[in-house]
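The structure under discussion appears below in the form of structure tokens.
In what follows, every chain begins at residue 1, and chains take the letters A, B, ... in the order their sequences are listed.
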Protein chains: 2
Amino acid sequence: MPAKRPPIPLSRERIIDAALHIADSQGLRRLTMRRLGDALQVEAMAIYHHLPRGKDALMDALAEHVTAVHVEPGGSWQESAKAWCRASRAALREHPGVLALALTKPPKGRTAIAIREQTDQLAEAGLGDAPGAVRALRAYVFGAVAVEVQQSGWAEAADDHDEPWRPPSKGGGSPGADADFELGLDALLVGLTRH
Amino acid sequence: MPAKRPPIPLSRERIIDAALHIADSQGLRRLTMRRLGDALQVEAMAIYHHLPRGKDALMDALAEHVTAVHVEPGGSWQESAKAWCRASRAALREHPGVLALALTKPPKGRTAIAIREQTDQLAEAGLGDAPGAVRALRAYVFGAVAVEVQQSGWAEAADDHDEPWRPPSKGGGSPGADADFELGLDALLVGLTRH
DNA sequence: ACCTGAACACCGTTCAAGT
DNA sequence: ACCTGAACACCGTTCAAGT
């Protein structure tokens, strides 16, 4: 008698992790309640007990997971902005499968909180139009990651459901893309300085 | 005997137009082969005759429609770049329902051609790293439109399938967003000038 | 409280058949 | 050549039922 039914109990966190894995390796279109159930060794219907709004709630949770980013407060507003942008880029790049959701769903829940928090940090560090700056920073990160992921060939790799997709480089950034990102970020911060 | 069966024959163009209308007014998730057939007064299966690869081909075509952008050559590279960015932004904003596809699908077909064409225009106008510049311009437009559409509340409006969503302003731009876009674009062009 | 099984309405796609 | 009808495998979600 080696195996009882659920070796570990289902939880919202385990569901989201499994969903991220499916979305990243096979694409959003193949993320299915039934497939997700299989991955969790559970019938699909069990998921509804932990995510009452079903697939919509799952999509919201996935977007939130890559989009609710926090950094330690302190330092100049430039340092705070840079840290937040780098962390946001890393979170988005880590899960290309849900990038479409992250760029498209309006901020809610923990994401909206994180945005307000970052806005407050920049304002307290002395920046004038903090809400406008955060919009500009989010736009910069979104655009940069979108073209990076397009260029990485993730979409094609996820379609051939052969071996799973590997990110372009180990530490989490091809050196050219990293340099471009930092250069553009510096330029953007200069632009924000003179309103 | 007022009505014969297909008042006008089906065509790839009519299919794509109807699909854009559904995606923009009800969201991508409700764009269905059967619903698309209904909108075209045709059985869903008739669509496969014009789009042999089915729904995948339809998605590719929708992304291409908002993403294959051309502008007249001529003028300085700054003028060419600005015109291309403005036209790209307008095309993306016009169809928020397929923005997720546009930001996420790697460029193919007419989109890839348009990108090469714009790269050549910038190079011929004397810009040094034209491919890098086009990447930066595409990233800028993608990010700007993503936050604009998020802010516009399109996603929520498309979910309540009540009255269809209306773009924020008539001419195609809320004045604040237009000004922000132009400001950021100017700053980016300055950044591209000094490599 | 947590999970299952059966059921329902809907989906993409195929294929043979109609015109 | 262009469209339909029936069929198949799959999907999201509900609900009563099990434990």
In terms of the nearest nucleotide of DNA chain C, which residue is placed more toward the 5' end: Glu43(A) or Arg29(A)?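 Per heavy-atom nearest nucleotide, the more 5' residue is Glu43(A).
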
Measure from the side-chain heavy atoms of Lys55(B) and tell me the nearest of dG12(C), dA7(C), dC3(C).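 The listed nucleotide nearest to Lys55(B)'s side chain is dG12(C).
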
Minimum-distance nucleotide (side-chain atoms of Arg34(B) versus dA7(D), dT13(D), dT4(D)):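 Looking only at side-chain atoms, Arg34(B) lies closest to dA7(D).
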
What's the verdict on side chain to side chain contact (heavy atoms under 4.5 Å, CB included) for Glu94(B) and Asp24(B), showing C-alpha distance, side-chain angles and the deciding distance? CA-CA 9 Å; Glu94(B) 213 166 326; Asp24(B) 290 336; over 6 Å; no

Interatomic distance where [atom1] belongs to [X] and [atom2] belongs to [N] [whole Å]:
X: Met33(A); N: dT14(D); atom1: CE; atom2: P; answer: 10 Å
X: Leu31(A); N: dC11(D); atom1: CG; atom2: C1'; answer: 12 Å
X: Arg30(B); N: dC11(D); atom1: CZ; atom2: C1'; answer: 15 Å
X: Arg14(B); N: dC2(D); atom1: CZ; atom2: P; answer: 14 Å
X: Asp56(A); N: dT14(D); atom1: CG; atom2: P; answer: 11 Å

Find the partner of dT19(D): check Watson-Crick (N1-N3 plus N6-O4 or O6-N4) and G-U wobble (N1-O2, O6-N3) distances, both under 3.5 Å, and reply none if neither fits.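 Result: dA1(C).
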
Could you identify the nucleotide paired to dT14(C), looking across every strand shown and requiring Watson-Crick or G-U wobble geometry with both distances under 3.5 Å?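 Across all strands, the one nucleotide that pairs with dT14(C) is dA6(D).
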
Is the shortest side-chain N/O distance from Thr32(A) to OP1 or OP2 of dG12(D) below 4.0 Å?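 So the side chain of Thr32(A) is within the cut-off, an N or O lying under 4.0 Å from OP1 or OP2 of dG12(D).
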
Is the closest side-chain heavy-atom distance between Asp56(A) and Leu51(A) below 4.5 Å?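 A side-chain contact is absent here, since even the closest heavy-atom pair is not under 4.5 Å.
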
Arg35(A) near the nucleic acid: base, sugar-phosphate alone, or nothing, with a heavy-atom cut-off under 4.0 Å?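 Answer is sugar-phosphate: Arg35(A) comes under 4.0 Å of backbone atoms only.
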
Decide if atom CD of Glu13(B) counts as having more than 12 heavy atoms of other residues, nucleotides or ligands within a radius under 6.0 Å.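 Open.
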
Steps toward side chain to side chain contact (heavy atoms under 4.5 Å, CB included) verdict (Phe142(B), Leu92(B)): CA-CA 8 Å; Phe142(B) 283 177; Leu92(B) 292 172; 4.0 Å; yes

For DNA chain C, which residues of residues 45-52 of chain B approach it to below 4.0 angstrom with any heavy atom?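 The stretch gives Met45(B), Tyr48(B) as the residues lying under 4.0 Å from the strand, ordered by number.
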
If the test is salt bridge (Lys or Arg N to Asp or Glu O under 4.0 Å), which one of Lys55(A), Arg12(A), Lys105(A), Arg110(A) qualifies with Asp60(A)?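 By the salt bridge (Lys or Arg N to Asp or Glu O under 4.0 Å) criterion, Asp60(A) pairs with just one of Lys55(A), Arg12(A), Lys105(A), Arg110(A): Lys105(A).
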
Distance alone, cut at 3.5 Å: any donor-acceptor contact between the side chains of Arg138(B) and Gln150(A)?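 There is such a pair (donor and acceptor under 3.5 Å, judged by atom type) between the side chains of Arg138(B) and Gln150(A).
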
Heavy-atom donor-acceptor pair, Trp84(B) side chain to Val69(B) backbone, under 3.5 Å: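 Confirmed, Trp84(B) side chain pairs with Val69(B) backbone.
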
